[in-house]
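Just below is one structure, and these are the notes that go with it.
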Amino acid sequence: MNPSPSQTSPEKRPELDDAPPLLGSWRNVYLLVFGAFVLFLALSSLLTWVYS
């Protein structure tokens, strides 16, 4: 009896090892997103302080 596909070793998926299309590595993409989030928070805080 052949084991079901879920019981065999996981398939190799080389597309998961590809680099992202921008910035060269996933670490750089995450840093960009985090930096944009921090900038958004800083600008929101500044606008709240100025107009309150």
Which pairs of donor and acceptor atoms, one on a side chain in residues 41-49, lie under 3.5 Å apart (sequence neighbours left out)?
| from | atom 1 | to | atom 2 | distance (Å) |
| --- | --- | --- | --- | --- |
| S44 | OG | F40 | O | 2.8 |
| S45 | OG | L41 | O | 3.0 |
| T48 | OG1 | S44 | O | 2.8 |

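A19 and G24 get closest at one heavy-atom pair: CB-O, 3.7 Å.
Chaining together hydrophobic side chains whose heavy atoms lie under 4.5 Å apart places W26 alongside L22, L23, V29, Y30, L32.
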